[in-house]
Amino acid sequence: MNSHLKLWDFAAAYPILRSRGCHVFACELSENRYFVCGFRSMELYCQCEPFFPEQVRRKLNKNGGDPFHAAN
């Protein structure tokens, strides 16, 4: 985690990653702190999910595991 990155840094990378076939989601951990995940396949995502920060996994479990609605 890099504390100097801002949300717009992730936004700048988003179109590049999407053009390469990746899915991307960002989950706010606290004010101005985000967890960002980029993945090419759901299989890879599912293998990595157990290593996500606990706060992110709680949000994912709360909404049925959908990474694109993890922010709430």
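Since this is a predicted model, take the numbers as computed values, not measurements.
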>> Same cluster or not: Leu29 versus Phe52, using hydrophobic residues (I, L, V, M, F, W, Y) connected whenever any side-chain heavy atoms lie under 4.5 Å apart?
In response: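 Linked, Leu29 and Phe52 end up in one cluster.
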
Transitively linked via ILVMFWY side-chain contacts under 4.5 Å: Val36 with Phe51? no

How close do [X] and [Y] get, counting heavy atoms only, and between which atoms?
| X | Y | value |
| --- | --- | --- |
| Cys46 | Pro50 | O-CD, 3.4 Å |
| Leu60 | Tyr45 | CD1-OH, 3.4 Å |
| Lys59 | Glu28 | NZ-O, 2.6 Å |

Assess whether side-chain contact (heavy atoms from CB on, under 4.5 Å) is satisfied between His23 and Arg40, documenting all intermediate values.
CA-CA 6 Å; His23 302 277; Arg40 288 192 68 126; over 6 Å; no

Output for pair (Cys37 SG, Glu49 CD), nearest 0.5 Å, gives 9.0 Å

With sequence neighbours left out, the residues meeting side chain to side chain contact (heavy atoms under 4.5 Å, CB included) with Leu44 are Ser41, Gln47, Cys48

* Contacts of Glu54 that satisfy side-chain hydrogen bond (donor to acceptor under 3.5 Å, both in side chains) - sequence neighbours left out ->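 Arg57.
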
